[in-house]
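These notes concern the structure reproduced below.
For reference, positions follow the sequence shown, starting with 1.
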Amino acid sequence: MSTLRHDVPASLVVFLIAVPLSLGIAMASGAPLAAGLIAAVVGGVVAGALGGSAVQVSGPAAGLSLVVVDLVHTYGWRATCMITLLAGAVQLLLGVFKAARAALAVSPAVIHGMLAAVGVIIALAQLHVVLGGSPQKSAVANVLELPGQIADLHGPKVAIGILTITVLAVWTRLPRVFRAVPAPLAALAAAAGTAWAFGWDVTRVDLSGSFAEWGFPVLPQGDWHLIVASVLLVALLAGCESLLCSVAVDGMHGGRRVDLDQELTGQGVANMVAGALGGLPVAGVIVRSTANVRAGARTRWAAILHGVWVLVFAVGFGWSITLIPLEALAALLVFIGVQMVNLGHIKKVHGHGEVPVYVVTMVAVILLGLAEGVLAGLALAALLALRRLTWVTVRKRDDRDGRTRVTISGSLTFLGVPRLTHELRTIPSGAAVDLDLNIDFMDNGAFEAIHSWRLDHERMGGTVVIDELHDEWYALAASGARTLPAKSPLKAPDRWWLPWAQRRRGTEPVTVPPEGVSECLVTAGTREYHRSTAPLVKPIFTELARKQQPSHLFITCADSRIMPSLITASGPGDLFTVRNIGNLVPRRGSEPHDDSVVAAIEYATQVLGVRTITVCGHSGCGAMAGVLSGGVRAGSLPGLRRWLRHGNHSLATFIETEGDRLHAGALDVLCRVNVQQQLENLRTYRKVDEQVREGRLELVGLFFDIGSARVHLVPPLRPTLCVKPFDRPVVAGEE
């Protein structure tokens, strides 16, 4: 039923697009026009049935036309079919051996640059046909011959070409009822109808030559090295285009994801069949695939049926193709060629700094040839990748305390030594230097450069304190270690969670400053934050500066050993936090009256719209010890004694369940019971209770065992709140 409702209409839309495009690509490839229709049928039926994508449509691809036209010129059409068949066998083997993902390692900038160049070459060549002439052998020759071609215009033929391009350009701007007919079909129909109505002398499409050239494939004659290279070129180009197309189409639908190895296998079988039957090479085509998705296709039946409709048309209505003016097909190819220079692709590669790869590939393909251009693009992409992998950044600044801070980041290799030594030599002699190394690799040349500079600087009276924020490359090399660690990814400094007394800077521990020193550890910590952490988190806080949207209200103790972000693995903007002694939630209307906690609850639930309120207690809680002692431990602290009265309900629940006899673990039991009681206290607020009953708010209890550094879920007194087990340790951040 789904096939009838979604896939059949989609297949008809793709069929109407595929017929004119297949004829045009065959014409641009120098192949028999019937070869384009054969490739469309095989691409739809075989690749559609055996491929790994549910919605990708395969057929003759414009990106392969330059290869095919060169093969036809060199070896002849039937030998080109054998090359297509052998290329399919190569693709089949690659798919069987799970090599499909290797194709994704090719830089998209190379692929896009190649396709843009192919588009330019096709447009220049077919423009001569539109003007009534014939294309030259190269893009440069086509450009040089263009002025003479324009001077010798053939009126009706040029009019047909202009009419075709005009219809293609304006068709997408017409009302939707007209756009139900694909633009290529409408343009060719308009051109054919106009030429027939006015009786213009135009060149008609002739299929007779197609059948005259048909025959079984034959082995190409010539240098076998070049033949093997041609087979591999067709296999790799068609395979890469198909796989990249399938990945792009994957992002357009919500169905089953593509199996790349199966897709490559299906493409291989399709090319073997297409070569055997005398068709063009087959590849996944983005234009037809996009149209298939937009038309509502759900399964592979849309691609298969589109191939069936092409076959029915070729057998039953092939005569209608002879009504199409050849100039109209050429104009269609000019339009397609111009569209292959995609501005969207240029913007994407520009954002990643790969415009040089795109431009070099495009220019080299146009001037030198397809294989040479692709190799040039790949070589440049590899050089740029190597440059990025070995790029090192050096930042210097003078702190207020007179020290010079130098931060080196990246992969430190001999390639970065010239820039590194230049920056280090600019540091004045005798300066006190803090050298921070946040690097993921250091080779011997880089180590020697830094070490030599350090020795020279210290010999001239300066000091150098080296702090390695990542793996200790310098320290290991300086100690004479024979084996250094492998390259590892950069990471943010991972010592922020250590207590100040346990952090080390260089070889000296951070200590509390003596009395009389104005800078305390908090201000020193803020300087450390600005130095190493602020640059990393600035993009996050820039986004959060507009507004906060926390998903959790987190109520916990003010105890200095509790770090909510650490034990929940949360980040900026995740938790709306309330901290007080004993993680208490005063009941509604309780004495002594307190609005601070209830204000936070109201704001979190009614303004911020949090979905969870978590109460987190901990082991050895001093507040609960005070409650357990009846306030005795609060001593002469009247404010604390009044505040701890909010824990009396927790004490009453504890006595009710444990009795009045104290035992060794009584304090931690009370700490857990207190969490349960605070969850109950939250229910005394009407808005909270309503949201819990409606399922819009969840109340969660946590208990942090400080000694074991483990977080446990605490079950509520009323099981309707939460059904999670009691003593199961939770992964930090689990709800």
Checklist line | side chain to side chain contact (heavy atoms under 4.5 Å, CB included) assessment of Val130 paired with Ile160 | finding: CA-CA 8 Å; Val130 172; Ile160 287 295; over 6 Å; no

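- One distance of note links OG1 of Thr80 with NE2 of His73; it measures 11.5 Å at 0.5 Å rounding.
- Note that CD of Gln126 and CG of Leu131 are 11.0 Å apart. Values are rounded to the nearest 0.5 Å.
- Gln262 has its side chain out of reach of Leu50: every pair of non-hydrogen atoms, C-beta onward, lies at least 4.5 Å apart.
- The closest side-chain heavy-atom distance from Val310 to Leu37 is below 4.5 Å.
- For residues 273-299, the set of pairs meeting the ring-ring contact (aromatic ring centres under 6.0 Å, His included) definition, not counting sequence neighbours, is empty.
- Within the structure, ring-ring contact (aromatic ring centres under 6.0 Å, His included) contacts touching residues 107-146 (residues at least two apart or in different chains) are His112-His345.
- The shortest distance between side-chain heavy atoms of Arg256 and Arg300 falls below 4.5 Å.
- Here CG of Leu124 is found 10.5 Å from CG of Leu144. Values are rounded to the nearest 0.5 Å.
- Only one option out of Val357, Val363, Thr361 pairs with Val359 in a side-chain contact (heavy atoms from CB on, under 4.5 Å); it is Val363.
- Side-chain polar atoms of Trp309 and Ser11 form a donor-acceptor pair below 3.5 angstrom.
- For His306 (side chain) and Ala303 (main-chain N/O), a donor-acceptor pair under 3.5 Å exists by modelled atom type.
- A distance-only check finds a donor-acceptor pair linking the side chain of Ser289 to the backbone of Val57 [under 3.5 Å].
- You'll find the side chain of Val417 stays beyond 4.5 Å of the side chain of Leu415, heavy atoms only.
- For the pair Ala28 and Leu333, the tightest heavy-atom approach, listed with the atom from each and the gap, is CB-CD1, 3.8 Å.
- Side-chain N or O atoms of Asn271 include none that pairs as donor or acceptor with a backbone N or O of Ala87 at under 3.5 Å.
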Margin query: Applying side chain to side chain donor-acceptor pair (under 3.5 Å) to Asp7 and Thr299, what does each step give before you reach the verdict?
Written below: CA-CA 7 Å; Asp7 295 328; Thr299 70; 2.5 Å; yes

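- Judged by distance alone, with hydrogens and angles left aside, the side-chain atoms of Trp171 form a donor-acceptor pair with the main-chain N or O of Val181 at under 3.5 Å.
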Check: How far apart are the C-alpha atoms of Ile227 and Tyr75, what are their side-chain angles, what is the distance that settles it, and do they pass the side chain to side chain contact (heavy atoms under 4.5 Å, CB included) test?
Finding: CA-CA 9 Å; Ile227 296 172; Tyr75 301 109; 3.8 Å; yes

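- Side-chain atoms of Asp261 come within 3.5 Å of backbone N or O of Ala100 as a donor-acceptor pair.
- With Gln91 contributing its side chain and Ala235 its backbone, the two residues share a donor-acceptor pair below 3.5 Å.
- The shortest non-hydrogen separation linking Pro220 to Ile83 is CG-CG1, 4.1 Å.
- Using a distance-only test at 3.5 Å, with no hydrogens or angles considered, no donor-acceptor pair links the side chain of Glu241 to the main chain of Ala283.
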Note to self: Walk me through whether Ser242 and Glu263 qualify under side chain to side chain donor-acceptor pair (under 3.5 Å).
What the structure shows: CA-CA 8 Å; Ser242 299; Glu263 179 63 29; 5.4 Å; no

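- With Val231 as reference, Val90 is the one residue of Leu85, Leu236, Val90 to meet the side-chain contact (heavy atoms from CB on, under 4.5 Å) rule.
- Between Met27 and Val129, some side-chain heavy-atom pair lies under the 4.5 Å cut-off.
- The side-chain heavy atoms of Val285 and Cys245, taken from C-beta on, include no pair separated by under 4.5 Å.
- In this structure, Arg288 contributes its side chain and Ile17 its backbone to no donor-acceptor pair below 3.5 Å.
- The minimum heavy-atom distance between Ile122 and Ser65, with the atom names listed, is CD1-OG, 3.3 Å.
- At most 12 non-hydrogen atoms from other residues, nucleotides or ligands lie less than 6.0 angstrom from CZ of Arg294.
- Side-chain atoms of Asn292 come within 3.5 Å of backbone N or O of Val55 as a donor-acceptor pair.
- For the atom pair CG (Leu380) and CD (Glu354), the distance works out to 9.5 Å, reported to the nearest 0.5 Å.
- At least one side-chain heavy atom of Leu71 sits under 4.5 Å from a side-chain heavy atom of Val234.
- Counting all heavy atoms, side chain and backbone alike, Ser22 lies closest to Gly36 at CB-O, 3.4 Å.
- The two residues Leu21 and Ile336 make their nearest non-hydrogen contact at CD2-CD1, 3.0 Å.
- In this structure the side chain of Leu185 never reaches within 4.5 angstrom of the side chain of Val19, judged on heavy atoms.
- A distance of 8.5 Å separates CG in Leu332 from CD1 in Ile25, rounded to the nearest 0.5 Å.
- Considering every non-hydrogen atom in both Leu280 and Ala31, the closest pair reads CD2-CB, 3.6 Å.
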Check: Between Leu66 and Ile121, is a side chain to side chain contact (heavy atoms under 4.5 Å, CB included) present by the stated rule, with each step listed?
Finding: CA-CA 8 Å; Leu66 288 188; Ile121 294 172; 3.3 Å; yes

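- Although no hydrogens or angles enter the test, the distance criterion places a donor-acceptor pair under 3.5 Å between the side chain of Gln56 and the main chain of Ser246.
- Considering CD1 of Ile165 and CZ of Phe335, their distance stands at 8.5 Å, rounded to 0.5 Å.
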